[in-house]
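Some notes on the structure that comes next.
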Amino acid sequence: MKPGSNFRELTPMPDTALVDVRFGTQALRLPLGENLAAALLVAGVMPFRRTPVSGAPRGPFCMMGACFDCLVKIDGVTRQACMLTVAEGLEIEMPAAKGDLDG
Amino acid sequence: MGDADLIVIGAGPAGMSAARRAADCGLSVLILDEQPAPGGQIYRDVDRASALRGDLLGKDFTGGQKLTQRLNHESITHLKGAVVWQIEDQACVSYTQAGQGAVATAKRILLATGALERPMPMPGWTLPGVMTAGAAQILLKQSGIACERAVLVGSGPLLYLIASQMLRAGVPPLALVETQTRQDFARSLRHLGGALRGWPYLLKGLKMLWELRRGQIHRYVGATNIAIEGDQAARAVTFSSGGKTRRIASDNVLLHHGVVPNTQMARSVDIPHHWDNLQSCFVPECDNWGRTAVPAVFIAGDGAGIGGAKAAALAGEIAALAIAHDLDKLTQASRDAAAQPLRAGLHKERAARPFIDTAYPAYPGALSPQDSTIICRCEEVTAGDIRRMAALGCLGPNQTKAFGRAGMGPCQGRYCGLSVTRILSDANGTAPDITGHYRIRPPIKPVTLGEIAGMKNHVTSEEKND
């Protein structure tokens, strides 16, 4: 468990390679091939985004691709973090929130 | 020309067992599933997870490997990470896999899209740190990640299962805040006779409760007025139980009060649905082979009504037999003969359901939330907004879209549809069947313009002929 995370890795796998990933300005080392939402949770990333309607913070809710609360932006496309896996060099941003679009 | 005789959408228990049975009958099968590994949510990543933490997850989970192994058949093609976003002309399926859009066609489609958590709107349920209990279990199964100092809120056997798994993992929850009442239990007793035929489930339930007791996990029952406190994230759960108001500080709140069929894909092809009073949700209309009003489309598993993983596997096989008969691979007599033992098994699997559904009903506070509670998480529409729409003459969920964008966000009503139907029904004094449900339109999962522009046929007939 990293500081600030409420999630504990029970059985960290020693042979899993860690790769560089960026979330906003935060540099992270995440396990290659791990579910992206899960890896971000363990790394203490929260919230994943702020809503376009009110700017409220949100994070993963269903972990099965149904709720769309874990949305993140990668290469300009907004995607569900729980439906992606960790890859080397991912540049993750928060999708546009309230206020971002007003200029 | 099609890419396969049968396209199965979903690689959970229903989809996996249907695929194998169909292949054994001589059909070519294409499975499209969103996840990188077979298993569905119940057996998520079961092949990898069983080896790493099978002891923790238990035999009911690791047993799912029997189904994944059955996918090894020369007539079964399993496309992993394939997100289906449209079904047209009955059996033409559009999907995206690894950023590539594609179309696949078949003679029949089996929808095996499983279940979703029943929406559980309550104050604070959109805060970071609040997840479904199913989500916590997925983290545990797939990634070996446990939520620290969690509070489990709601009702049903899944709460006990995840609590006992967390206990075994050495990360016990702080407490279970349970919404079922003694009256619910008393009502459930009239179903006990039937439930005794499903005794293994009752025994498992008792074992889990004993495990929680031995682990000194505190259980509060009959909880009402549940709210989650927090500004930027969940910080505590407050509730009333036993005549007292209580507060438990926790950053991880896990919600569950049953699962409901994921009807998104069935609705997108206009399969009729009706309201199921006992399960308190909409279910698609299909006969006891899984056949729907759309001739080429069948449904099996929890997506056709909640019955659990074992029932889903049996229903998948039954649907596969009907499809094989439709496509002249099986005589009616052999279809019926093969279905008979499956139906007997299904009957037994379903025996405990009325007892469970009555003993652990949905939390009334989440079916009729207070006005300020957000119902549509995506568009942040509250219960009060929906009631005001009803007062303005809004009769059905589709009108709430026009009145105030409920159900128009990216989740397309998956986590607000049932709540909106219920609130409108209560406000207008109409039955859920009359109130209806959102109309679901493709694309049922987001797709980029680039993915559409670059679409290819799965394996085109021209390529085959060339």
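Each chain gets a letter, A, B and so on, in the order the sequences are listed, and its residues count up from 1.
Other residues, nucleotides and ligands contribute at most 12 non-hydrogen atoms within 6.0 Å of the CZ atom of B/R149. Within 6.0 Å of CG in B/D55 there are 12 or fewer heavy atoms belonging to other residues, nucleotides or ligands.
Side-chain rings of A/F61 and B/Y415 approach one another, their centers coming within less than 6.0 Å.
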Trace of the side chain to side chain contact (heavy atoms under 4.5 Å, CB included) decision for B/R44 with A/N35: CA-CA 12 Å; B/R44 180 122 160 196; A/N35 180 287; 3.6 Å; yes

Side chain to side chain contact (heavy atoms under 4.5 Å, CB included) between A/L41 and B/I145, worked out: CA-CA 9 Å; A/L41 286 174; B/I145 290 169; 5.9 Å; no

Stepwise side chain to side chain contact (heavy atoms under 4.5 Å, CB included) test for B/Q142 and A/E34: CA-CA 9 Å; B/Q142 179 195 263; A/E34 176 59 278; 4.2 Å; yes

Worked verdict on A/C62 versus B/E117 for side chain to side chain contact (heavy atoms under 4.5 Å, CB included): CA-CA 8 Å; A/C62 80; B/E117 295 263 356; over 6 Å; no

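Put simply, the side chain of B/P128 does not reach to within 4.5 Å of the side chain of A/F48, judged on heavy atoms. For the pair B/T132 and A/M63, the minimum side-chain heavy-atom distance is 4.5 Å or more.
Taking each heavy atom of A/R58 and B/E380 in turn, the nearest pair found is NH2-CG, 3.7 Å. Residues B/K445 and A/F68 approach most closely at CD-CZ, 3.9 Å, considering heavy atoms. Summarising the geometry of B/S143 relative to A/A38, their closest heavy-atom pair is OG-CB, 3.5 Å, with the distance given to 0.1 Å. Closest non-hydrogen pair, B/C378 versus A/C67, comes out as SG-O, 4.3 Å. Considering every non-hydrogen atom in both B/G129 and A/M46, the closest pair reads N-CE, 3.8 Å.
Comparing B/V130, B/D231, B/V83 by heavy-atom pairs within less than 4.5 Å of chain A, the highest count is held by B/V130. Chain B forms the most heavy-atom pairs under 4.5 Å with one residue out of A/P57, A/P60, A/C82, and that residue is A/P57. For the set B/I138, B/T126, B/D45, the entry with the most heavy-atom pairs within less than 4.5 Å of chain A is B/T126. Of all the listed residues (A/A39, A/S54, A/A56), the one sharing the greatest number of non-hydrogen pairs under 4.5 Å with chain B is A/S54.
Contacts between A/V53 and chain B at a heavy-atom distance below 4.5 Å involve backbone atoms as well as side-chain atoms. Contacts of B/T448 with chain A are made by side-chain atoms alone, with heavy-atom separations under 4.5 Å and no backbone atom involved. At a 4.5 Å heavy-atom cutoff, B/Q412 makes no contact with chain A through either its backbone or its side chain. Heavy-atom distances place the side chain of B/L140, and not its backbone, under 4.5 Å from chain A. For B/D251, the parts lying under 4.5 angstrom from a heavy atom of chain A are both the backbone and the side chain. At a 4.5 Å heavy-atom cutoff, the contact between B/A146 and chain A is made by backbone and side-chain atoms alike. For a residue to count as touching a neighbouring chain, one of its non-hydrogen atoms must lie under 4.5 Å from one of that chain's; by this rule A/R49 does not touch chain B.
Looking at A/N6, its side chain never comes within 3.5 Å of a backbone N or O of B/C147 through a donor-acceptor pair.
With values rounded to the nearest 0.5 angstrom, A/M83 atom CE is found 4.0 Å from B/E34 atom CD. In this structure, the separation between OG1 on A/T51 and CZ on B/R377 is 11.0 Å, given to the nearest 0.5 Å.
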